[in-house]
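Proteins get letters first, then strands, A, B, ... in listed order; numbering begins at 1 in each.
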2 protein chains.
Amino acid sequence: MRHLNYNHLQYFWTVVRKGSIAKASETLHLTPQTISGQLKLLEDSVGHALFHRVGRGLVPSEMGQVVYQYADEIFSLGAELAQRVKSGDEGVPLTLNVGLVNSIAKLISYRIVQPALELEAGLKVVCNEGRLETLLADLAIHKLDIVISDRPIPTGLNVRAFNHALGESPIAFFAQPRTAIHAAKKFPRSLHQAPMLMPVEANALRQGLDDWFDQIDVSPKIVAEFDDSALLKAFGEAGTGIFPAPAAITEEVERMYHVRCIGIADGVTESYYAISPERKIKHPAVASITEIARSKLFSA
Amino acid sequence: MRHLNYNHLQYFWTVVRKGSIAKASETLHLTPQTISGQLKLLEDSVGHALFHRVGRGLVPSEMGQVVYQYADEIFSLGAELAQRVKSGDEGVPLTLNVGLVNSIAKLISYRIVQPALELEAGLKVVCNEGRLETLLADLAIHKLDIVISDRPIPTGLNVRAFNHALGESPIAFFAQPRTAIHAAKKFPRSLHQAPMLMPVEANALRQGLDDWFDQIDVSPKIVAEFDDSALLKAFGEAGTGIFPAPAAITEEVERMYHVRCIGIADGVTESYYAISPERKIKHPAVASITEIARSKLFSA
DNA sequence: GATGATTGTTCGGTTTAATCGAGGTCAAGT
DNA sequence: ACTTGACCTCGATTAAACCGAACAATCATC
C-alpha cells in the first residue's frame with residue numbers, strides 16, 4: 001500500500017457505521033456506485049478484503065473490523081478538531097464528558113445519560129464512544145468525567161478509578177418477524193444450530209451467554225461477532241441471524257430494527273456500571289446520573 | 001467548514017513537521033506551489049490563519065498548533081493502521097513500546113533508547129511521541145512499557161506509575177554562526193532583547209530558564225514558543241532566533257542544524273526520567289535502558 | 001550594497017481522480 | 001412470477017489536485 005487514502009477510509013467507516021452502502025450514500029450525499037467503487041480501491045490498497053459479501057449485504061471481515069477500530073479513533077479525533085476549530089476556541093461552558101463503552105446498546109446509554117441533560121440547565125454533555133480500555137485511559141488524564149460500562153474496571157490496568165453499580169437487565173433474543181415466530185416455539189431449544197450474532201469473546205455479556213448455552217445444552221451457530229452493539233443489531237435487522245439485547249429496551253429494539261422478541265435467556269443479565277475517578281462522586285451531574293439510574297431505570 | 005479535508009490536513013501536518021513547505025514538498029513528492037495552494041484552501045475551510053508568515057518562513061499560529069496536535073494523533077493512528085495492515089496481522093515479536101515526550105531533544109531520546117536495541121537481540125522497539133499526559137494514558141492501559149520524560153508524573157493524574165530519575169544535562173544556547181559569534185561576547189548579557197525561541201510555558205525547562213533570566217536580569221525577546229523541541233531547533237536553524245538545547249548533545253546539534261554554541265546557562269539543567277507502571281522495573285529492556293542512562297549517559 | 005541561493009506565492013493550463021447515469025446481477029419477500 | 005432493494009460494472013462527465021513559469025521577499029555572502 002502506497003498511501004492510506006483518508007477519503008476511502010472515511011467512506012468505509014461510514015458504511016460500517018450505517019450498516020450498508022445504501023444508507024451510507026445518503027449521509028455522504030453520494031451515489032451508491034461511487035462508494036462501492038471507492039471501497040474497492042481501498043481494498044486494493046489494503047491488500048485484504050474488508051467485507052464479506054453475504055446475501056445482499058456486507059459484513060466486515062476480520063481485517064475490516066481492525067480497520068474500523070482505527071478509523072473510529074481517527075475520525076473521532078477529526079470531529080473533535082472540527083468542533084474545536086468551528087467554535088473558534090470559545091470558552092467551554094459547563095461540560096460533562098461522558099465515555100460510553102460501545103458494546104452497550106445505545107438506547108441504554110441514552111437512558112442513563114439523559115437525566116443529566118434534564119436536571120442541569122445549560123449543561124453540555126459530550127459523549128465519547130470507544131473500547132473500555134481507551135475510555136479509562138482518557139478518564140485517567142481527566143479528558144472524561146465518567147465512563148458508562150457493562151463491566152467493572154479490568155484488573156491489571158494502572159488506572160485509579162472506582163466502580164459504581166447502576167443496575168442490570170435480563171437478556172432477550174430478537175430476530176426478523178418470520179424467523180422469530182418459528183424460533184419462539186420450543187424456545188430455547190429452537191436456538192440450537194440457529195444462526196446467531198454475538199458480541200466478541202472479550203465481552204462480559206458473551207461470557208454469560210456462552211455459559212447459559214452450555215448449561216441448557218444448546219449450541220447456536222455463531223455467524224458473526226461484533227465489538228459494537230449497534231452494528232450487531234443492524235446485522236440482525238438485515239436478517240443475518242438472531243441477536244441478544246437487553247430486555248429493558250424490548251419495545252424500542254422491535255420498533256427500530258423491525259424485529260420481534262423470541263424469548264428471554266433465563267438468568268443471564270447485563271450489568272451496568274458508572275466508573276469515576278473518585279470513590280465519592282463529586283461532579284453534580286455524575287451524581288444525578290448514577291442516582292436516577294439506580295432508582296428508576298432498572299426497577300421493572 | 002463543511003468537511004475536514006484529510007489531504008489538506010496531511011499536507012499541513014507535514015509542513016509543520018518538516019518546518020517548511022520546501023522540505024515538505026520533497027517528502028510528499030509534490031511541488032511547493034501545490035502545497036502552498038492546498039494550505040490556503042485548508043485555512044479557508046478552517047476560517048483561521050494556520051501560519052504567521054515571518055521572514056521567508058512559516059510559523060504555526062496558535063490555532064495552527066492546536067490543529068497540529070490533532071493532526072499528529074490522527075496520522076500516528078493512520079501510520080499504525082497502515083503498519084498493521086501491511087504486516088498482515090503477523091504475530092508480534094518481542095516488542096518494547098517506548099513513549100517519548102516531544103519536548104525533549106530527539107538526540108537525547110535516541111541515546112536513552114539506543115542501548116535497548118544493542119543489548120537485546122531481535123528486540124523490536126516501537127517509539128511513540130506525544131504529550132506527557134497522552135503517553136501516560138497509554139502507559140496506564142499497557143499500550144506502552146515505558147515513558148521517557150523531562151519531568152516527573154504530574155500530580156492530579158489518576159495513573160498509577162513511578163518515576164525513575166535518569167540524570168540531567170546543563171543547558172546551552174545555540175544560534176546561526178554569525179549571530180553566535182556576536183552573542184558569545186559578553187554572554188549572557190548579550191541575550192538581552194535578543195530574539196529567542198523557547199519551549200511553551202508548561203514545559204519544565206521553560207520554568208528553569210525563566211527563573212535564570214530573572215536572576216541575571218536579562219530579558220530576551222521571545223519570538224516563538226514550541227511544544228516540540230525538534231521544531232524549535234528547525235526554526236533555530238532557519239535563523240528565527242537563539243534557542244536552548246542540552247549541552248550533552250552540543251556537537252550533534254551544531255553539526256545537524258548548522259549552528260554554534262553561544263554559552264551555558266549556569267545552573268539550569270534539564271532532567272530526564274523513565275516512567276514505568278511498576279515501582280520495581282521488570283521488563284529486561286527497560287531495566288537496561290535505565291541502568292545505562294544512569295551510569296554512562298550524563299556522567300560527563 | 002550587489003549577488004545568488006532559497007523560500008513562498010500567483011497565475012494559467014493540464015492531468016488525475018472522483019463522481020454520476022444507465023444498465024446489469026443476485027437475493028429475499030409477496 | 002414479479003417486485004423490491006441491495007450491490008456491481010462500464011463508460012462519460014466533472015471537480016480537484018497538480019505542475020510549469022514567472023515573480024516577490026528574505027538572508028547569507030562577497
Worksheet entry | Any residue meeting side-chain hydrogen bond (donor to acceptor under 3.5 Å, both in side chains) with A:His192, in chain and number order, not counting sequence neighbours |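 Testing A:His192 for side-chain hydrogen bond (donor to acceptor under 3.5 Å, both in side chains), a comparison that skips the adjacent residues, returns none.
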Practice prompt. Compare every heavy atom of B:Pro199 with every heavy atom of B:Leu205, then report the nearest pair and how far apart it is.
Written response: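 In terms of heavy atoms, the two residues are closest at CD2-CG, 4.3 Å.
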Sugar-phosphate only, base, or nothing, as touched by [X] at under 4.0 Å among non-hydrogen atoms:
| X | answer |
| --- | --- |
| A:His8 | sugar-phosphate |
| B:Ile35 | nothing |
| A:Tyr11 | sugar-phosphate |

Worksheet item: Would you say a side-chain N or O of B:Asn7 is under 4.0 Å from OP1 or OP2 of C:dA17?
Response: no
Worksheet item: Between C:dA18 and A:Thr34, is there an OP1 or OP2 to side-chain N/O distance shorter than 4.0 Å?
Response: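 It does not, given that no N or O in the side chain of A:Thr34 lies less than 4.0 Å from OP1 or OP2 of C:dA18.
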Nearest-angstrom distance from the residue atom [atom1] of [X] to [atom2] of [N]:
| X | N | atom1 | atom2 | result |
| --- | --- | --- | --- | --- |
| B:Leu30 | C:dT15 | CG | C1' | 14 Å |
| B:Gln10 | D:dA17 | CD | P | 13 Å |
| A:Gln38 | C:dT16 | CD | C1' | 13 Å |
| B:Leu28 | C:dG8 | CG | C1' | 16 Å |
| B:His258 | C:dA5 | NE2 | C1' | 15 Å |

Worksheet entry | salt_bridge(B:Asp44, B:Lys40) N-O dist < 4.0 Å | no
Give every donor-acceptor pair under 3.5 Å between a side-chain atom in residues 249-262 of chain A and any protein atom, sequence neighbours left out.
| from | atom 1 | to | atom 2 | distance (Å) |
| --- | --- | --- | --- | --- |
| A:Thr250 | OG1 | A:Ala247 | O | 2.7 |
| A:Glu252 | OE2 | A:Arg111 | NH2 | 2.8 |
| A:Glu254 | OE2 | A:Cys261 | N | 2.9 |
| A:His258 | ND1 | A:Glu237 | OE2 | 2.9 |

Worksheet entry | Pair B:Tyr6 and A:Phe75, ring centroids less than 6.0 Å apart |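 Close enough - the centres of the two rings lie under 6.0 Å apart.
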Practice prompt. Report, as a single string ordered 5' to 3', how protein heavy atoms within less than 4.0 Å touch nucleotides 2-11 of chain D: B base, S sugar-phosphate only, - not at all.
Written response: ---BSSSB--
Discussion item. I'd like to know if the side chain of A:Glu129 and the backbone of A:Asp72 have a donor-acceptor N/O pair within less than 3.5 Å.
Written reply: no
Discussion item. Students often mix this up, so state it plainly: with edges at 30° and 60°, are the rings of B:Phe173 and B:Phe213 parallel, tilted or perpendicular?
Written reply: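 Taking B:Phe213 first and then B:Phe173, their aromatic rings sit tilted (interplane angle of 30° to 60°).
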Fill in: Which nucleotide in C:dC20, D:dC19, D:dA17 has an atom nearest any side-chain atom of B:Leu41
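Ranking C:dC20, D:dC19, D:dA17 by closest atom to the B:Leu41 side chain puts D:dA17 first.
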